[in-house]
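Chain naming here is simple, since letters A, B, ... match the order of the sequence lines and numbering starts at 1 in each.
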Protein chains: 2
Amino acid sequence: MSDSAPTQGCTTCRNGHLCLSRGLNAREAALVEDIAQRKIRVKRGESIFRCGDPLDEIYAVKYGTFKLTLGTAEGREMIAAFYLSGDIFGTDGFESDTRTSTAIALEDSEVCAVSWKRLAELAQQEGAIQKLVTQIFSTRIGRKQRLMLCLGSMRSEERVAVFLLDLSERLKERGFSDRHIVLRMSREEIAEHLAMQLETVSRIFSSLAREGILRVNHRKIQILDLQGLATVAQAGVQKNRAF
Amino acid sequence: MSDSAPTQGCTTCRNGHLCLSRGLNAREAALVEDIAQRKIRVKRGESIFRCGDPLDEIYAVKYGTFKLTLGTAEGREMIAAFYLSGDIFGTDGFESDTRTSTAIALEDSEVCAVSWKRLAELAQQEGAIQKLVTQIFSTRIGRKQRLMLCLGSMRSEERVAVFLLDLSERLKERGFSDRHIVLRMSREEIAEHLAMQLETVSRIFSSLAREGILRVNHRKIQILDLQGLATVAQAGVQKNRAF
DNA sequence: CGTAGTATTGAACCTTATCAAACAGAGTGG
DNA sequence: CCACTCTGTTTGATAAGGTTCAATACTACG
């Protein structure tokens, strides 16, 4: 990864509405912008931090996509999350001062680096920023729990549907089309995130295409029937309800 | 649930070494003890808080066992964790001021209730307590991540082995035998925690017993071969390593 | 244009879920 | 004290979902 010349700040950034200045007024946003000056460019495949690294910053995705991988000592791996532009990441394990995960760019990307220490100080002085910080953590935990529930209680087809719906919604929030998606991750990476095999992901994409819900062309996915996809995502529930 | 007459505090509690006074000196422990006066007795099957409740306290298990259930609107459920004596719980979703989970006693139990607001104030004044609080959250997130990895990358037999090893270790920390375990939860609850069917749990117990690793008598489990159980817990790894 | 990486598809196999039945233990009431 | 019920557990048979192995196709990239 390589530092770059300073680019524009939060107040003019097009991710402003969902990133570090979310819900802040102009004065507060300027305070945050002030500590988020450092930009880092990361090339596809490079990491911005690795498991075991010391930890003092959190990051906001300016543009690009990242994956966060979790690993155990025994060699098991899993992708805990994907981060899109405007997402904030690097917030895990900041108490132990050591990274417990690795963040890798899926395409050429740029992030804003924020000193955790300075953000925490700012949060103590400014109520709105304190609220923002807790909101960030709250969302993080919520997402992790939803993923856990998803892994635990859904079968493959539903998990894939949930994944696509989530991605679609997040892209929409960022001003992209929610129906024409270009996946930044491989089938294998999707599989590693949803706890299944890449062949299964591929098969499910094909079967959803056969049903007329998707149009699949390698990484270009078109959602033809958003409602139908939502139905697939909850398919397993009827069974429980009958019981 | 019903309040009870005040019993002894942290400084004399036998869970002191791993609970709210963990790593604190006498003066600091006394400060914590001061805000952890309120004890609540909970009968088997009763909840101490439910999903949607307002949130202002966290709890430490004085004695007994609790399960924390997560639910989605659509009716999917999962047990996110089991808490033993000395464990601290109720720390999820405290930012949104609303419970996102339900805590239910698996046996007649008692907890110490601590005002989150007062604990946070104390943490701001006392470095050691600040450190303790972050440690509590850190551990929480770490456990959740490990469970996620476990659900995502292990098969049933390994998950059950991991579950038993974890329980054994935690009981040992609490001064109980790590080989003679009395399960406080049903097969169904174990299944709901490990994302499988209760029949599968039962079958795996039986098969581990057949292999001489366990002795199973309903809820009384004896671990005959701790090392063997650990091997089962990592069985899937060899496969990955060969690749 | 050829090669490497990625994606799709098929077939056999394995794990786990599902359905069904039998069994054990804790109460309960006659 | 014994039958009876209720609940939780075990076990078996069968089916479905998903993995694994293998072959083929597509794309991108040098």
Side-chain angles (χ1 to χ4, degrees), chain A residues 43-45 67 76 78 106-108 150-161 163 181-211 214-221 232 235-240 242-243, chain B residues 44-45 67 76 78 106-108 150-161 163 181-211 214-221 232 235-243:
Chain A
K43 285 221 173 300
R44 179 197 153 105
K67 67 173 175 182
R76 297 180 198 273
M78 177 159 192
L106 297 181
E107 58 183 326
D108 294 357
C150 175
L151 294 180
S153 70
M154 294 181 174
R155 24 203 204 95
S156 314
E157 195 182 38
E158 303 170 57
R159 295 210 290 272
V160 171
F163 170 75
I181 299 178
V182 178
L183 297 175
R184 253 66 234 222
M185 62 294 285
S186 69
R187 298 289 189 269
E188 184 168 19
E189 284 165 331
I190 297 173
E192 222 173 308
H193 180 51
L194 300 177
M196 48 206 222
Q197 296 307 113
L198 67 97
E199 292 95 329
T200 308
V201 176
S202 183
R203 266 184 253 275
I204 289 169
F205 276 178
S206 300
S207 105
L208 289 175
R210 230 173 291 125
E211 292 172 46
L214 299 181
R215 184 165 296 157
V216 180
N217 189 328
H218 296 265
R219 298 204 177 178
K220 282 189 274 293
I221 307 280
V232 171
V237 175
Q238 276 84 9
K239 203 173 36 189
N240 290 339
F243 171 70
Chain B
R44 178 197 154 105
K67 67 174 175 182
R76 297 179 197 275
M78 176 159 193
L106 297 181
E107 58 184 326
D108 293 358
C150 175
L151 293 180
S153 70
M154 294 180 174
R155 10 199 220 102
S156 313
E157 195 183 39
E158 306 170 55
R159 295 209 292 272
V160 170
F163 171 75
I181 299 177
V182 179
L183 297 175
R184 253 66 237 222
M185 63 293 286
S186 69
R187 298 290 188 267
E188 185 168 19
E189 284 164 330
I190 297 173
E192 222 173 309
H193 180 51
L194 299 177
M196 50 207 221
Q197 295 307 114
L198 69 97
E199 292 96 329
T200 308
V201 176
S202 182
R203 264 183 252 275
I204 289 169
F205 277 178
S206 301
S207 105
L208 289 174
R210 231 172 290 126
E211 292 172 45
L214 300 181
R215 185 167 293 158
V216 180
N217 190 327
H218 296 264
R219 298 204 177 177
K220 281 189 273 294
I221 307 280
V232 171
V237 175
Q238 274 85 8
K239 201 172 38 188
N240 290 340
R241 203 165 279 162
F243 170 70

Between [atom2] of [N] and [atom1] of [X], the distance in whole Å:
| X | N | atom1 | atom2 | answer |
| --- | --- | --- | --- | --- |
| Leu214(B) | dT10(D) | CG | C1' | 15 Å |
| Arg187(B) | dA24(C) | CZ | P | 15 Å |
| Leu151(A) | dT16(C) | CG | P | 16 Å |
| Arg203(B) | dG12(D) | CZ | C1' | 7 Å |
| Asn217(A) | dA25(D) | CG | P | 17 Å |
| Leu198(B) | dC23(C) | CG | C1' | 15 Å |
| Glu158(B) | dT15(C) | CD | P | 11 Å |
| Leu183(A) | dT27(D) | CG | C1' | 15 Å |

### 5′-ward residue of the pair Thr200(B)/Ser202(A) relative to DNA chain C
Ser202(A)
Can you say whether a donor on the side chain of [X] sits under 3.5 Å from an acceptor on the base of [N], or the other way round?
| X | N | answer |
| --- | --- | --- |
| Glu199(B) | dC19(C) | yes |
| Arg155(A) | dT15(C) | no |
| Arg219(B) | dG25(C) | no |

Taking [X] for its side chain and [Y] for its backbone only, find out whether a donor-acceptor pair lies under 3.5 Å.
| X | Y | value |
| --- | --- | --- |
| Glu189(B) | Ser186(B) | yes |
| Arg159(A) | Ala195(A) | yes |
| Arg184(A) | Leu106(A) | no |
| Arg187(B) | His218(B) | yes |

### Message
By nearest atom, which of the nucleotides dA7(C), dT19(D), dT9(D) is closest to the His218(A) side chain?
### Response
dA7(C)
### Query
Under a 4.5 Å cut-off applied to non-hydrogen side-chain atoms, are Leu151(A) and Met78(A) in contact?
yes
### Task
Have a look at Val216(B) and say if it touches a base, only the backbone sugar-phosphate, or nothing, with a 4.0 Å heavy-atom cut-off.
sugar-phosphate
### Query
Reckon Ser206(B) touches a base, only the sugar-phosphate, or nothing at all at heavy-atom distances under 4.0 Å?
sugar-phosphate
### Message
Is the phosphate of dG8(D) approached by Ser186(B) (side-chain N or O, under 4.0 Å from OP1 or OP2)?
### Response
no
### Summary
Of Phe205(B) and Glu157(A), the one whose closest nucleotide on DNA chain D sits nearer the 5' end is Phe205(B)
